[in-house]
Asker: 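Mind looking over this structure? Questions follow.
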Amino acid sequence: MPVIKDAVCSLCGSLCDDITVTVEDNKITKIENACILGHSKFVGMFEHDRIETPMIRKDGELVPVPYEEAIEAAAKILVNSRRTLSYGWCSTSCEAIGKAIQLAEETGSLIDSTANVCHGPSALAAQEKGSPGASLGVIKNRADVIVFWGCNPVHAHPRHMSRYSSFSKGLFSTKGRKGRKMVVIDVRKTDTAKLADKYVEIEQGSDLLLITALRSAVNGHEDVIPETVAGISKEEILELAETLKNAQFSCIFFGMGVTQSRSKYKNGDGVSSLISDLNQHSKAVTIGMRGHYNVTGFGQVATWETGFPMAIDFSRGFPYYNPGETGANDVLVREEADAAIISAADPGAHFPQKAVRHLAKIPVIQIDPYANPTTEIADVVIPAAVVGIEAEGTAYRMDAIPIRMKKLIDTEFKTDEQITKDLITKVRELKEGA
Amino acid sequence: MRMSEILIKNANVCDPAQGINCETMDLCIRDGKIVESVSESAEVIDAAGRLTMAGGFDGHTHSAGKINVGRFMNPNDARRTLVPGLSGPEARTEKTRAQVGYNTPNTYAIGYRYAKLGYTTICEAAIPMLAARHTHEEFKEIPILDKMGLSLFGSNWQVMEYVRDKEPEKLAAYVAWGLKASRGYGVKIVNAGGGEAWGWGKNVSGLYDPVPNFDVTPAEILMGLAEANEKLQLPHSVHVHCNNLGKPGNYETTIETMKMFEKVKPTVDRQALHVTHVQFNAYAGTSWRDFETGAPMVADYLNGANHLTFDLGQVIFGPAVTMTADGPVEYANSRMLHEKWSNQDIELEDASGVVPLSYSPKSFINAVQWAIGIELALLVEDPWKIMFTTDSPNGGSFVNYPEAFTYLMSAKKREQVISGFGKMALDRMVLPGLDRELSFYELAIMTRSMQSKMYSRPEKGNLKVGSDADVAIYDIITSDIDPSVEHEKVKQAFSGAAYTLKDGNIVVKDGKIEATPMGRTYWVNAKVPADIDSAMNKDTDIKFKKYYTVSKSNYMVEDSYLPNPVEIRTEGAF
Amino acid sequence: MKLKANLISGRTADQGAHLEAKTYRGYFDACAYCELNSADLDKLGVSEGNSLKVATDFGEVVVFAKANDGNPDGLAFIPMGPWANTVLDPDTHGCGMPGLKGVPSEIEATEEKPLDMKSLMKQYRED
Amino acid sequence: MQVVKLSLNKANKIPIEADTVTPDNFAGKTKEEIEAILVWYGNGQCPLGDFFTVEVEGSDSAENTKIVFEGNVSRVKRIGQGMSAGEIEINGNVDMHCGFAMKGGKIVINGDADSWLGCEMKDGEIILNGNASYYVGSGYRGESCGMRGGKITINGNARDYLGEHMCGGEILVTGNVGLLPAISNNGGTIVIEGNATMPASEMKNGTVIIKGEISDMLPSYKEDGTEEVEGVTYRKFVGDVNAGGKGMLLIK
């Protein structure tokens with residue numbers, strides 16, 4: 001039976017590439033080295049219901065149709081729309097993302113990724129202050145202080161700590177966890193916090209206050225810090241600042257606790273500034289804990305193809321970018337979008353009610369391997385291959401390292417890339433006909 | 001679709017590789033190559049006596065990979081329209097994808113705009129090997145141009161260990177493997193050892209300052225890699241970004257580095273060393289207070305040396321984005337200028353940083369930087385040693401090349417700019433005393449001909465029979481124009497070629513994109529004896545097992561990333 | 001009695017493990033709950049498995065009660081998913097990001113049962 | 001004097017992008033010419049007359065041209081973008097980017113304004129007799145300079161990031177503001193008569209006066225005595241210390 005080594009796990013932004021997969025009769029029967037999330041993706045796919053056939057909603061019900069009919073219906077929606085939202089494209093390959101962007105350009109659509117409800121503010125932060133980071137192996141080999149701020153890798157990135165951070169060993173970190181100080185800053189004592197040497201419980205929404213206090217401490221302005229900031233005593237803040245200053249190499253990993261809370265991107269902006277200040281004393285970097293396995297890839301591809309990482313509006317034929325105006329939720333909550341194409345993401349599950357209600361009102365095209373809440377409000381549904389298992393392609397890890405995902409088993413399903421190409425062809429046909 | 005035959009009539013050819021200096025003749029093209037003659041059915045382009053050169057070749061540009069960080073952190077660059085027709089947002093057309101940007105244009109704009117300038121080949125100056133797929137993914141989306149890239153070796157653990165342990169053969173084997181893994185064309189060394197020091201927030205201070213924990217000096221790294229480069233008989237020499245870049249007084253390190261390479265014997269008919277963006281490395285003085293030009297000293301050395309080439313790194317006034325594997329320099333820039341700062345250290349390999357900035361003629365430092373690039377071009381007598389660059393977009397965007405050409409060709413144009421400088425700036429430069437004006441012939445050498453030799457690409461940068469039919473026709477009648485006076489016309493003509501042909505396809509006509517064929521990617525596959533290769537692989541196996549976070553089997557860039565590859569094989573002299 | 005709580009949403013391993021099985025009971029179990037600490041649950045007089053009604057300015061949703069003593073007083077957590085999103089803040093704050101953490105809420109015990117995923121989504125289609 | 005009255009025929013959801021609607025562009029034009037001016041609507045362009053009933057009185061230069069919007073134009077973006085002279089009056093709510101990069105003239109809004117009001121404004125005046133949304137007088141994404149000159153008066157409340165990256169000019173808010181007003185300021189004056197949260201983060205230069213209550217004062221300001229402005233004595237704070245800032249934050 002074929003055993004595939006060093007397979008890439010296409011679930012979260014850790015993009016572990018040391019998975020051993022056993023395939024029997026075109027089924028994955030065994031998987032080694034993966035976490036619970038990866039295991040569920042690789043082995044679960046033989047248990048979960050696939051969308052078996054293209055479908056179109058007729059009289060309120062999704063009914064099976066031939067592929068060509070679904071493509072034509074989808075293309076018609078796109079051609080007849082004045083403001084299409086193309087959304088998702090994060091649990092898929094960079095090759096598919098490139099085609100999605102081309103489709104958006106040719107249809108004058110607006111295209112956005114799941115960063116809209118995840119690390120979008122981190123991009124805005126980088127646009128204010130830059131993003132001082134490193135590849136994950138740099139942390140593994142060098143870091144003696146690791147901070148997890150508003151993130152919970154035990155749940156969201158289960159192998160992160162063993163492969164890249166807290167527990168990993170490297171050239172200058174031979175003692176692994178013993179040689180490292182692990183700090184967790186969060187609003188509640190998460191399972192990650194339980195593993196920390198130091199847990200700092202911050203008042204929800206006060207991240208920028210704490211970041212600013214840390215900066216003042218690091219920059220020698222202790223005097224401006226009051227006795228308590230963000231629910232934390234000045235003494236504790238000064239101690240934390242000393243820990244960071246005296247590190248040989250520190251890394252602040254931050255998650256949605258930072259990006260989604262009050263002050264939004266100004267928190268990430270503050271973290272970048274704190275990192276810059278810390279480098280006056282020691283080496284420090286920061287890395288965002290990205291969720292979808294290729295949300296980083298969307299940002300990369302979109303940036304080189306359009307100049308912008310997300311929330312790109314092609315209405316006028318050239319890319320325009322302004323999250324707050326051109327983000328997926330912006331145009332749904334304001335009820336601007338008159339059609340949507342959604343792939344490799346699930347806004348039905350992950351957008352606020354008001355946005356989902358608007359999606360339910362407009363024609364929605366969904367491309368996905370699995371039924372999910374978005375399917376419930378979709379009008380054209382096109383099943384796709386599972387990228388990273390049934391199709392190969394490029395993905396970018398949370399630290400922007402590109403890795404090629406392997407094809408592990410055969411499939412009859414078309415890839416997102418192929419479906420999108422077919423849509424481009426059909427859209428051109430319809431436009432020429434018109 | 002490729003026209004099989006083209007006849008370019010009445011071309012005023014300037015092709016220094018053949019010693020042709022603006023002579024009017026016909027050029028024949030068949031199947032993408034320059035040929036002796038074509039049949040009567042050939043498509044005819046009437047050049048009408050206009051200036052005709054081989055396609056331009058930018059041998060040092062940041063156009064794929066790190067530039068994406070620049071785009072990402074500067075969305076404001078996308079809306080800049082500083083150079084009409086070559087910057088800013090442009091809607092898609094039937095022939096072209098949508099475009100944005102100035103210093104950091106999207107990939108499509110890079111292809112179209114270089115082609116409009118008559119350029120047909122670029123060399124990306126820095127591929128971080130672990131992230132090499134990224135560079136090639138961007139290459140795939142840069143239309144028209146032929147591409148190559150230089151892989152970073154200067155702070156690589158395996159390299160430093162082999163240098164320290166005096167294992168030159170294994171070092172050569174590792175370089176060959178790294179080039180293959182990253183599909184690189186040559187060896188780039190950025191601030192040798194400095195990337196590793198930056199891993200601890202430090203830097204190396206010069207050629208003989210040991211790299212922390214590795215017990216090697218930058219000088220040893222440079223010499224070790226040069227030896228490996230020659231052992232592998234690579235088509236390009238080592239490509240060096242010197243230590244101490246951007247620091248007053250660094251011209252001494254630069255000359256010292258150049259001198260050190262006098263003892264390197266090239267195994268291929270080309271230079272032993274290419275020193276890049278020398279403008280940033282030709283600074284005299286001891287601090288920014290007494291900062292002044294070091295160009296005369298560097299030029300003086302270069303005039304007596306015959307073993308090396310260099311490029312300018314010319315500064316353009318206005319916004320720029322600095323991006324380099326020299327991590328500590330970028331951090332220092334950001335603190336000094338209070339600018340945003342991105343950093344990306346790459347495990348076991350190198351560092352990098354990106355910082356936007358703006359060069360102002362009102363700043364005496366920027367004015368002197370501007371002058372240094374031009375001084376180097378004018379003070380160094382032999383243009384075959386000089387490649388014209390702005391180190392795009394470090395000194396400024398490549399779309400300003402036509403503007404910069406006028407600095408070299410017209411003393412009047414220089415006077416115009418210099419008249420805006422303060423006395424302090426004028427006291428720190430020698431440019432006002434230089435009256436040399438470069439000819440079209442000399443410009444052609446610096447923008448295409450010398451690159452052919454420097455990169456051992458005989459089919460590029462010239463119009464010899466058998467060469468690639470990459471041709472640029474500019475709307476200039478050389479006999480009717482005095483570039484010294486009519487510099488505006490020169491700039492206009494170089495800003496939008498009358499024709500650019502790529503492999504015999506008309507890709508630009510009257511400054512507009514006509515076709516967007518996919519270019520090639522050149523990479524080097526250097527042969528290494530099997531026993532040495534296998535010994536080296538045992539060492540790298542350990543690196544991957546213990547220190548990398550990517551499996552060795554997932555490291556190598558797959559064929560699918562190079563849709564149109566050209567593999568250059570070298571035999572090696574082991 | 002109504003408890004005023006600061007509501008946040010976020011990932012959990014269980015929610016993540018069901019990303020591609022959202023039509024299953026396991027997903028419902030992984031997402032249709034609200035965590036409070038034991039003291040807060042006591043205040044509401046509910047124990048794990050009872051129903052809670054969570055109301056904000058943006059909607060209300062019925063979910064199961066779950067205890068998590070890592071939560072400080074007055075902090076409520078619902079895993080990211082359609083149940084949480086019924087009550088989160090749609091305003092994108094000028095930067096594209098809705099209010100998915102830090103939404104003021106009122107929580108009370110209820111006899112109603114949480115809707116399954118399809119029933120929840122059906123409302124949106126039919127309203 | 002030329003007066004152009006525009007009445008929206010039917011409320012729209014997809015925004016109209018009216019960057020061509022300025023006194024500079026309308027001056028001297030007839031009703032027919034104005035109706036024919038193209039505006040973006042989603043991914044296509046339409047003549048203004050498709051959306052608006054246009055009435056024109058007189059014909060004059062830009063300085064002497066006044067454009068009046070009758071009623072809400074809450075989905076019309078970029079009104080008055082880049083205008084250099086004349087006046088625009090909006091008798092209702094207006095969408096994003098109103099007065100973006102304006103260089104002169106005057107805009108009066110008798111309603112609420114959506115985000116980016118007076119963004120990157122260089123000169124001129126905006127009077128908002130209603131509430132403003134996010135990013136009043138700020139800069140485009142990634143820019144280091146927002147508003148450079150002119151004056152914005154808000155007779156109401158404003159939301160977050162008011163005056164982000166402001167480099168010059170003046171903003172007056174008679175009501176309350178949201179989070180992080182005057183963030184990353186590098187010049188200009190902001191006066192807030194009501195309350196504010198986390199003001200003046202990373203201010204390098206400029207003056208911010210807050211007459212109401214402050215929530216969550218950032219721990220990066222040094223108290224430095226008092227300052228009297230127009231007869232009122234304020235506590236004076238200098239900073240932001242982390243930006244090496246010389247900004248002045250005056251609070252009660």
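Chain naming here is simple, since letters A, B, ... match the order of the sequence lines and numbering starts at 1 in each.
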Asker: Taking A/Lys354, A/Met310, A/Met256 one by one, which has the highest count of heavy-atom pairs under 4.5 Å against chain C?
Answerer: A/Met256

Asker: Is it true that atom CD of C/Glu126 has more than 12 heavy atoms of other residues, nucleotides or ligands lying nearer than 6.0 Å?
Answerer: yes

Asker: What part of C/Tyr24 gets closer than 4.5 Å to chain A, counting heavy atoms only: side chain, backbone, both or neither?
Answerer: side chain

Asker: C/Trp83, C/Tyr124, C/Phe58, C/Tyr27: which one forms the most heavy-atom pairs within less than 4.5 Å of chain A?
Answerer: C/Tyr124

Asker: Measure distances from A/Pro158 to the heavy atoms of chain C and classify the residue's part below 4.5 Å as side chain, backbone, both or neither.
Answerer: neither

Asker: In terms of heavy-atom proximity below 4.5 Å to chain C, should A/Ala355 be classed as side chain, backbone, both, or neither?
Answerer: neither

Asker: Checking A/Cys151 against chain C: side chain, backbone, both or neither under 4.5 Å from a heavy atom?
Answerer: neither

Asker: Do you know the tightest heavy-atom contact between A/Asn116 and C/Gly96?
Answerer: ND2-O, 3.1 Å

Asker: With no hydrogens and no angle check, is any side-chain donor or acceptor of A/Asn372 less than 3.5 Å from a backbone partner on C/Thr23?
Answerer: no

Asker: Compare every heavy atom of C/Met97 with every heavy atom of A/Pro121, then report the nearest pair and how far apart it is.
Answerer: CD-CE, 3.5 Å

Asker: Counting only heavy atoms closer than 4.5 Å, note whether A/Val333 contacts chain C via side chain, backbone, both or neither.
Answerer: side chain

Asker: Is it the case that more than 12 heavy atoms not belonging to A/Lys361 sit under 6.0 Å from its NZ atom?
Answerer: yes

Asker: For residues A/Glu201 and C/Pro72, report the shortest heavy-atom separation together with the two atoms involved.
Answerer: OE2-CB, 3.5 Å

Asker: Distance check, rounded to the nearest 0.5 Å: C/Glu20 atom CD versus A/Asp49 atom CG?
Answerer: 12.5 Å

Asker: Mark yes or no for whether A/His155, through its side chain, and C/Ala13, through its backbone, hold a donor-acceptor pair below 3.5 Å.
Answerer: yes

Asker: Flag the one option from A/Ile377, A/Ile36, A/Val117 with the top tally of heavy-atom pairs under 4.5 Å to chain C.
Answerer: A/Val117

Asker: Sort C/Asn68 into side chain, backbone, both or neither according to what part of it lies under 4.5 angstrom from a heavy atom of chain A.
Answerer: side chain

Asker: Using 0.5 Å steps for rounding, measure from the NZ atom of A/Lys41 to the NE2 atom of C/His18.
Answerer: 15.0 Å

Asker: I want to check something: taking the side chain as every heavy atom from C-beta on, are A/Val187 and C/Leu75 in contact at a cut-off of under 4.5 Å?
Answerer: yes

Asker: Is it the side chain or the backbone of A/Val386 that comes within 4.5 Å of chain C heavy atoms, both, or neither?
Answerer: neither

Asker: With side-chain contact (heavy atoms from CB on, under 4.5 Å) as the criterion, how do C/Arg11 and A/Asn152 come out once you've worked through the C-alpha distance, each side chain's angles and the decisive distance to 0.1 Å?
Answerer: CA-CA 8 Å; C/Arg11 293 185 196 284; A/Asn152 188 6; over 6 Å; no

Asker: When you compare the side chains of C/Thr92 and A/Asn329, does any donor N or O come within less than 3.5 Å of an acceptor on the partner?
Answerer: no

Asker: Using a cut-off of under 4.5 Å for heavy-atom pairs, which of A/Lys189, A/His157, A/Glu325 has the most such pairs with chain C?
Answerer: A/Lys189

Asker: Between atom OG1 of A/Thr374 and atom CE of C/Met121, what is the distance when rounded to the nearest 0.5 Å?
Answerer: 6.5 Å

Asker: Counting distance only, does the side-chain N/O of C/Arg125 pair as donor-acceptor with the main-chain N or O of A/Glu376 below 3.5 Å?
Answerer: yes

Asker: Does A/Asp346 form a side-chain contact (heavy atoms from CB on, under 4.5 Å) with C/Lys22? I'd like the steps, not just the answer.
Answerer: CA-CA 10 Å; A/Asp346 184 9; C/Lys22 289 187 186 126; 2.7 Å; yes

Asker: Going from CD on A/Gln353 to OG1 on C/Thr86, what distance comes out if it is rounded to the nearest 0.5 angstrom?
Answerer: 5.5 Å

Asker: Using a cut-off of under 4.5 Å on heavy-atom pairs, state which of C/Cys95, C/Cys31, C/Ser9, C/Gly16 scores highest against chain A.
Answerer: C/Cys95

Asker: Name the member of C/Leu19, C/Ile8, C/Leu120, C/Leu88 that forms the most heavy-atom pairs with chain A at distances under 4.5 Å.
Answerer: C/Ile8

Asker: Please rank A/Cys118, A/Ser91, A/Gly44 by heavy-atom pairs under 4.5 Å with chain C and give me the top one.
Answerer: A/Cys118

Asker: How long is the straight-line distance from CG of C/Asp69 back to CZ of A/Arg188, given to the nearest 0.5 Å?
Answerer: 11.5 Å

Asker: What part of C/Asn71 lies closer than 4.5 angstrom to a heavy atom of chain A: side chain, backbone, both or neither?
Answerer: both

Asker: Of all the heavy-atom pairs spanning C/Pro82 and A/Gly348, show the shortest one and how long it is.
Answerer: CB-O, 4.1 Å

Asker: Side chains of A/Ser261 and C/Leu100: does their closest heavy-atom pair fall under 4.5 Å?
Answerer: no

